Protein chains: 2
Amino acid sequence: MDKNTLFNKLVSFTTSVHRVTKELTKNAKSESISQVQYNILEYIAVSQPVTPSEISECQDIAMPNTSRELKKLSEKNLIEKIIDPNDRRKQTICLSKEGEMMMDEAFSTIQSRFLDKIQNASLEDLEEIEQAIEILQKKLFY
Amino acid sequence: MDKNTLFNKLVSFTTSVHRVTKELTKNAKSESISQVQYNILEYIAVSQPVTPSEISECQDIAMPNTSRELKKLSEKNLIEKIIDPNDRRKQTICLSKEGEMMMDEAFSTIQSRFLDKIQNASLEDLEEIEQAIEILQKKLFY
DNA sequence: CAATTTACTTATCAAATGATAAGTAAGAGG
DNA sequence: CCTCTTACTTATCATTTGATAAGTAAATTG
């Protein structure tokens with residue numbers, strides 16, 4: 001088992017992960033937002049509260065573009081901007097009620113597709129899957 | 001360990017996979033092609049020979065757009081179109097010598113970053129990683 | 001407190017991508 | 001043959017995304 005073989009397996013694996021993720025998430029997002037806007041909302045959902053700079057860095061979107069998309073999301077009432085009272089240059093971004101609802105809906109669609117996918121897995125399978133995920137997360141995808 | 005918890009772990013895991021993949025592949029592609037063009041070339045590289053219809057379906061790009069991008073790739077001498085002699089409506093798409101070279105270069109960049117990432121892993125770690133990949137590929141990302 | 005830096009905004013522009021309508025040419029089926 | 005279907009192309013247009021220059025307002029620093 002040399003490292004080159006492992007690399008090839010990794011390529012095939014990540015391809016599969018991307019394909020399945022795409023299957024699970026296909027059309028899960030509301031049609032009223034773009035892909036990038038969805039990515040931003042998803043990031044806010046799991047990391048809130050966040051600042052525009054953090055979004056910019058983690059999502060790899062230049063600040064002016066981040067600012068533009070946040071403005072659009074704000075106009076759609078999906079997020080709330082709160083100015084940091086300690087440093088009035090900074091902002092704290094959170095999902096609005098409406099934004100939470102939209103993301104909850106998307107997540108539950110994805111989750112039910114996932115449950116479908118593993119409906120025939122045995123308890124041992126699920127244990128194995130969980131362990132495998134933890135190993136990879138710790139040793140490879142950190 | 002209920003399925004909902006497993007779902008949350010999966011979400012966090014796929015996020016990590018996407019992030020690390022992005023790290024490994026960042027700037028690996030030549031600047032002379034777009035992201036979509038790179039995806040198409042990558043697909044051709046691992047699946048050749050393929051038809052435009054297969055590319056369209058697997059990459060989820062509408063036929064007219066697939067046709068446009070293939071034309072651009074052809075004009076850049078990265079792929080070759082061969083008309084199927086049995087059915088002259090069909091085409092067989094392959095990488096050209098130049099296309100092969102470009103993809104080899106991209107892959108070796110990615111591979112060397114991967115080797116960097118696992119340079120400190122022990123032999124047991126690598127074994128574990130390999131097994132975990134196989135389990136997930138078989139039981140979850142099929 | 002003047003100069004600089006930080007955090008974010010506004011305005012533009014170009015390129016990439018996606019969607020749709022219409023067209024060509026070859027094969028398939030009656 | 002004549003029609004229908006398949007595989008792909010061309011043309012066009014709207015939207016999204018990415019890049020860059022310039023601007024504002026608040027904090028920091030010497």
Side-chain angles (χ1 to χ4, degrees), chain A residues 18 22 25-44 47-76 78-94 102, chain B residues 18 22 25-44 47-76 78-94 102:
Chain A
H18 282 85
K22 198 165 180 181
T25 57
K26 191 163 192 174
N27 305 324
K29 78 163 180 58
S30 156
E31 286 182 6
S32 64
I33 58 174
S34 76
Q35 187 56 50
V36 166
Q37 285 166 13
Y38 177 82
N39 295 344
I40 291 175
L41 286 184
E42 199 177 67
Y43 176 70
I44 297 172
S47 312
Q48 65 185 331
V50 289
T51 65
S53 316
E54 284 166 350
I55 295 172
S56 169
E57 188 180 339
C58 296
Q59 296 293 301
D60 208 23
I61 306 170
M63 265 304 287
N65 300 328
T66 303
S67 184
R68 176 185 61 205
E69 297 309 320
L70 287 176
K71 189 180 177 187
K72 290 182 193 163
L73 289 171
S74 188
E75 281 162 357
K76 293 176 186 181
L78 296 169
I79 62 168
E80 273 161 22
K81 301 183 180 188
I82 300 154
I83 290 174
D84 183 336
N86 300 323
D87 183 342
R88 295 173 43 73
R89 289 169 306 178
K90 292 184 185 167
Q91 289 176 15
T92 294
I93 311 281
C94 290
M102 178 184 279
Chain B
H18 281 85
K22 198 166 179 181
T25 57
K26 192 162 193 176
N27 304 323
K29 79 163 179 57
S30 156
E31 286 181 6
S32 63
I33 59 175
S34 76
Q35 188 56 50
V36 166
Q37 285 166 13
Y38 177 82
N39 294 345
I40 292 175
L41 286 184
E42 198 176 68
Y43 176 69
I44 298 172
S47 312
Q48 62 186 333
V50 290
T51 65
S53 316
E54 284 166 350
I55 296 172
S56 168
E57 188 180 340
C58 297
Q59 297 293 301
D60 207 24
I61 306 171
M63 265 305 286
N65 299 328
T66 304
S67 185
R68 177 185 59 201
E69 298 308 320
L70 288 176
K71 189 179 177 190
K72 290 182 195 166
L73 288 171
S74 188
E75 282 164 355
K76 292 177 187 183
L78 296 169
I79 62 168
E80 273 160 22
K81 301 182 179 186
I82 299 154
I83 291 173
D84 184 336
N86 301 322
D87 184 341
R88 294 174 44 73
R89 288 170 307 180
K90 292 184 185 167
Q91 290 175 15
T92 294
I93 312 279
C94 290
M102 178 186 277

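Note on naming: letters A, B, ... go to the chains in the order of the sequence lines (proteins, then strands), and numbering restarts at 1 for each one. Remember, predicted model here, so these are calculated numbers, not experimental data.
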Rounded to the Å, how far apart are [X] [atom1] and [N] [atom2]?
X      : N       : atom1 : atom2 : answer
L70(A) : dT17(D) : CG    : C1'   : 15 Å
I82(A) : dA7(C)  : CD1   : C1'   : 17 Å
R68(A) : dT20(D) : CZ    : P     : 14 Å
I83(B) : dT6(D)  : CD1   : C1'   : 15 Å
K29(B) : dA16(C) : NZ    : P     : 9 Å
Q37(A) : dT15(D) : CD    : C1'   : 11 Å
M63(B) : dT17(C) : CE    : P     : 18 Å
I33(A) : dT15(D) : CD1   : C1'   : 15 Å

| field | Carboxylate-amine/guanidinium proximity below 4.0 Å for E75(B) and K72(B) | value |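 Salt bridge absent between E75(B) and K72(B).
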If every non-hydrogen atom of [X] is compared with every non-hydrogen atom of [Y], which pair is closest and at what distance?
X      : Y      : value
E54(B) : P49(B) : OE1-O, 4.4 Å
D60(A) : K22(B) : CB-NZ, 3.8 Å
I40(B) : Q59(B) : N-OE1, 4.4 Å
Y43(B) : V50(B) : CE2-CG1, 3.9 Å

[N] OP1/OP2 closer than 4.0 Å to side-chain N/O of [X]:
X      : N       : result
K71(B) : dA11(D) : no
S34(A) : dT17(D) : yes
Q91(B) : dT9(D)  : yes

| said: Can you tell me if K26(B) has over 12 outside heavy atoms packed within less than 6.0 Å of its NZ? | reply: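 Not buried by this count: 12 neighbours or fewer within 6.0 Å.
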Protein-nucleotides 21-30 of chain C N/O pairs closer than 3.5 Å?
unit_1	atom_1	unit_2	atom_2	d
dG27(C)	OP1	R88(B)	N	3.2

| said: For Q35(B) and N39(B), which I'm curious about, is there any donor-acceptor pair between the side chains at under 3.5 Å? | reply: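 Note: Q35(B) and N39(B) side chains meet the donor-acceptor criterion.
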| said: Closest approach to the side chain of N65(A), judged atom by atom: which nucleotide of dT9(D), dT17(D), dA19(D) is it? | reply: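 Among dT9(D), dT17(D), dA19(D), the one nearest the side chain of N65(A) is dA19(D).
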| message | Starting the side chain at C-beta, find the nucleotide from dT17(D), dT20(D), dT9(D) nearest to K81(B). | response |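 Nearest to the side-chain atoms of K81(B), counting from C-beta on, is dT9(D).
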| task | Indicate, with a heavy-atom threshold strictly under 4.0 Å, whether E69(B) touches base, sugar-phosphate, or nothing. | result |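 Here E69(B) touches no strand at all.
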| task | Please tell me which of T51(B) and I61(A) maps to the more 5' nucleotide of DNA chain D, matching each residue to the nucleotide holding its nearest heavy atom. | result |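 Nearest-nucleotide comparison on DNA chain D picks T51(B).
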